[in-house]
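Here is the structure we will look at, set down as structure tokens.
Proteins come first, then strands; the chains are lettered A, B, ... in the order of their sequence lines, and each starts at number 1.
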Amino acid sequence: MNEFTQSIYLNLTQVPFGRIISYGQLAKLAGYPNHSRHVGKTLSRLPEDTSLPWFRVVSSQGKISLSGDNFIRQRKALEKEGLTIRDDGKILNFKQVIMQ
DNA sequence: CGTCTGACAATGA
DNA sequence: GTCATTGCCAGAC
């Protein structure tokens with residue numbers, strides 16, 4: 001595992017219950033600004049039984065970036081934490097969202 | 001080494 | 001508010 005991945009994991013564990021963070025913001029926190037796309041790639045390699053809150057990571061538009069079964073999985077996980085998700089993936093209750 | 005790809009982001013119409 | 005365009009950069013080929 002490289003340093004980038006390590007740092008992403010570490011910072012991801014700090015995202016609290018019921019909140020979300022954007023790919024770009026997570027990359028920035030991890031010390032790698034402008035690496036938003038690489039964050040998605042890294043998260044896609046996580047095992048299904050991971051304890052990391054990967055589902056709290058969404059696009060800067062507050063929208064789920066996944067599709068198909070993965071979209072469903074993330075949507076359900078977020079709804080369990082009190083968030084409301086529209087069919088197109090847009091998260092409606094922005095009060096608890098970490099952005100910027 | 002050149003190109004392409006992607007769980008993205010910022011900007012402008 | 002929604003697209004479309006452009007910039008971005010590590011990996012995969």
Check your understanding: What does A/Ser36 touch in the nucleic acid at a heavy-atom separation under 4.0 angstrom: a base, only the sugar-phosphate, or nothing?
Key -> base
Study note, to complete from the structure: Here the distance between atom C1' of C/dC9 and atom CZ of A/Phe4, to the nearest Å, is 10 Å
Practice item. Once you apply the 3.5 Å cut-off to both distances, tell me the Watson-Crick or G-U wobble partner of B/dA7, or none. Key: none
Review point. What nucleotide, of B/dT5, B/dC8, B/dA10, holds the atom closest to the side chain of A/Lys41?
Key: B/dT5
Practice item. On the 0 to 90° scale, with breaks at 30° and 60°, tag the A/Phe4-A/His38 ring pair as parallel, tilted or perpendicular. Key: tilted
Point to revise | Validation row: A/Leu26, A/Leu12 side chains within 4.5 angstrom (heavy atoms) | key: yes
Check your understanding: How long is the line joining NZ of A/Lys90 and P of C/dT2, in whole Å?
Key -> 7 Å
Review point. Are the charged groups of A/Arg86 and A/Asp88 less than 4.0 angstrom apart, N to O?
Key: yes
Practice item. May I have the distance from A/Asp88 (atom CG) to C/dT2 (atom P), rounded to whole angstrom? Key: 7 Å
Practice item. Using atom NZ of A/Lys28 as one end and atom P of B/dA9 as the other, report the distance to the nearest whole Å. Key: 13 Å
Revision key, fill the gap. Between CD1 of A/Ile21 and P of B/dA9 the distance, given in whole Å, is 11 Å
**Study point:** Nearest-angstrom distance from the residue atom CG of A/Leu66 to C1' of B/dG6
**Key:** 12 Å
Review point. Side-chain heavy atoms under 4.5 angstrom apart, residues restricted to Ile, Leu, Val, Met, Phe, Trp, Tyr: same cluster for A/Val57 and A/Leu46?
Key: yes
**Study point:** Side-chain N or O of A/Asn2 closer than 4.0 Å to phosphate OP1/OP2 of C/dG11
**Key:** yes
**Study point:** A/Arg37 CZ - C/dC8 C1' separation (whole Å)
**Key:** 7 Å
Practice item. Give one of base, sugar-phosphate or nothing for A/Arg86, where a contact means two heavy atoms less than 4.0 Å apart. Key: sugar-phosphate
Review point. How many Å lie between NE2 on A/His35 and P on B/dA9, as a whole number?
Key: 14 Å
Check your understanding: Does a side-chain N-to-carboxylate-O contact under 4.0 Å join A/Glu81 and A/Arg56?
Key -> yes
Review point. When you match A/Arg45 and A/Pro33 each to their closest nucleotide on DNA chain C, which lands nearer the 5' end?
Key: A/Pro33
Check your understanding: So, is A/His38 close to the C/dG11 phosphate, meaning a side-chain N or O under 4.0 Å from OP1 or OP2?
Key -> yes
Check your understanding: Should C/dG1 form a Watson-Crick or G-U wobble pair with both distances under 3.5 Å, which nucleotide is its partner?
Key -> none
Point to revise | Short side-chain N/O contact to B/dC8 OP1/OP2 from A/Ser65, under 4.0 Å | key: yes
